[in-house]
Amino acid sequence: MNHYPASLKQLIDNLARLPGIGRKSAERLALHILKASHREADLLASSIVEVKKRVRLCRRCFALAEEDYCPVCTNMNRDHSRICVVEKPADMAAIEMSGGYNGSYHILQGALSPMDGIGPDDLRIAELLKRVDVDGPSEVILATGTNVEGEATAAFISEKLHHQPVRVTRIASGVPMGGDLKYVDQVTLKRAMETRHDTRYLDK
Amino acid sequence: MALVAQVIIRKAPAILLRKVEYGDHDVVLTFLTPDEGKMSAFAKNAKKSVKRFSGVLELFTHLEIVIRQGKGLPYLDEASILSPYESIRTDYLKSAYAGYWSEVTIQWLEEGVPQKRLFTLFESSLAALHDARRSPGTVSILFQLLFLDIAGLAPSLSRCAGCGVDMETLSQAKAFFDLDRGGMVCPQCRGEARHRMAISVGTLKQLRWVLNEGLEGAFRVRFSPAAEREGLSLMERFLPMHLGREPKSLSFLSKIRSF
């Protein structure tokens with residue numbers, strides 16, 4: 001590494017700090033940036049600065065936004081009587097990509113995790129409870145992960161909303177599309193059997 | 001002569017205690033096994049696997065694992081569920097208790113030392129926690145007390161930790177537990193205790209019974225709500241004090257109790 005100039009070495013070091021980027025990949029990326037035009041390099045540098053400067057959390061749902069409120073919260077064509085609760089902004093993006101939901105969101109910014117010491121106060125749970133209390137939605141959909149942390153978070157929120165006049169639902173878990181039954185674990189398969197639906201539903 | 005690294009493949013029952021993401025696709029797992037105690041293994045591509053590990057590598061699951069041991073950290077080749085203990089996953093208080101037990105077990109154990117009794121205790125405690133008829137708080141008292149017993153740190157409940165007098169012969173409604181000396185103290189020795197807790201004689205008798213019965217009979221015990229509160233409070237102060245570290249999951253437990 002000593003044969004590289006100091007500035008290039010520094011770029012490699014900084015790129016190697018990114019998740020999933022090892023030293024070899026960092027070296028390749030740095031050399032690519034070096035070979036690129038000034039304009040391309042400026043664009044990359046300014047977009048990193050801009051994203052840090054402009055992106056913040058939506059004041060209502062805590063999604064990523066450039067204004068006080070995110071595009072979902074300000075879109076009057078969406079069904080704001082339903083709130084879908086997810087752990088991270090990437091989960092919201094995945095649901096948006098599916099095209100199967102037109103309501104609003106609430107991003108918790110994580111999940112309860114006993115061994116990491118992440119408790120309810122470290123997440124946006126109090127804000128969700130207040131939002132339900134003030135806005136009075138008709139449904140809260142708990143779409144946290146199906147791992148232990150996600151299930152525990154969903155159970156915790158469900159219990160806290162127990163006395164509120166709101167329908168609280170949990171997303172279904174079951175056999176993935178194109179999946180082979182013999183590779184599905186027993187908990188998922190059990191849930192898939194328990195939450196099976198009538199085939200007439202599919203004809204509609 | 002060419003040196004070829006010897007690869008050993010072995011199968012073991014195991015309880016998954018911890019899962020740490022490693023890069024974008026892999027995870028490093030910590031298991032409790034009867035023959036090797038605490039064991040870490042690398043599960044390659046576990047995060048995107050739809051055949052080998054899909055839905056299997058969840059915390060507190062009782063598994064049968066196949067490990068490939070070459071040089072360095074062992075690789076997890078296969079895992080199948082023996083008991084998923086599903087109701088622990090869907091109850092935040094139960095998963096908090098199981099997380100606390102996992103953390104103290106990880107903190108206390110060294111890798112590679114057989115832990116047959118602790119494995120049986122952990123498995124029995126998870127089964128009891130999964131059982132809707134059992135109180136999670138009572139199960140946690142039993143786990144902590146029997147864990148301390150296995151660790152050789154069982155509190156002295158029958159004799160005064162100060163002068164050794166038989167505590168069972170003393171007639172008093174409340175007794176005192178000296179956290180530093182690790183046991184009950186008689187009225188004469190009580191004054192010397194810097195960190196002490198009052199505990200009712202009824203609760204003390206039940207804790208003593210649990211220690212005497214051991215794993216075989218302890219899970220039959222039923223605590224009253226007041227005795228459960230007392231027992232939990234005592235164990236959750238005593239165990240971390242003697243492990244020398246406050247587990248993060250214990251502060252999590254107090255956070256969810258007060259939220």
Should [X] and [Y] count as side-chain neighbours, where that means a heavy-atom distance under 4.5 Å?
X: B/F259; Y: A/D121; value: yes
X: A/V187; Y: B/R89; value: yes
X: A/M115; Y: B/L59; value: yes

When heavy-atom pairs shorter than 4.5 Å are enumerated against chain B, which of A/D180, A/I118, A/T188 gives the highest number?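 Most pairs with chain B among the choices: A/I118.
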Quick one about B/Y92 and A/E151 (side-chain donor to acceptor, distance below 3.5 Å, no hydrogens or angles considered), yes or no?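 A/E151 vs B/Y92: no donor-acceptor pair found between side chains.
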Which of these, B/D91, B/L93, B/I256, sits in a side-chain contact (heavy atoms from CB on, under 4.5 Å) with A/F156?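 Of the listed residues B/D91, B/L93, B/I256, the side-chain contact (heavy atoms from CB on, under 4.5 Å) partner of A/F156 is B/I256.
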Atom group of [X] that falls short of 4.5 Å from chain A, counting heavy atoms:
X: B/E86; result: side chain
X: B/L17; result: backbone
X: B/F60; result: side chain

Quick one: which of B/A98, B/P247, B/S249 has the most heavy-atom pairs under 4.5 Å with chain A, could you say?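 Max contact count across the listed options: B/S249.
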Closest heavy-atom pair and its distance - [X], [Y]:
X: A/V148; Y: B/E58; value: N-OE1, 3.2 Å
X: B/K255; Y: A/G117; value: NZ-O, 3.0 Å
X: B/S95; Y: A/P114; value: O-CG, 3.9 Å

Point-to-point distance, once rounded to the nearest 0.5 Å, from CG of A/D185 to OG1 of B/T61: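 Rounded to the nearest 0.5 Å, the CG-OG1 separation comes out at 9.0 Å.
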For [X], is it the side chain, the backbone, both, or neither that has a heavy atom closer than 4.5 Å to a heavy atom of chain B?
X: A/K160; result: side chain
X: A/I157; result: neither
X: A/D122; result: side chain
X: A/S113; result: backbone

More than 12 heavy atoms of other groups within 6.0 Å of [X] [atom1]:
X: A/E67; atom1: CD; result: no
X: B/Q107; atom1: CD; result: yes
X: A/E194; atom1: CD; result: yes
X: B/Y22; atom1: OH; result: no
X: A/R39; atom1: CZ; result: no
X: A/R170; atom1: CZ; result: yes
X: A/R167; atom1: CZ; result: no
X: A/R59; atom1: CZ; result: no

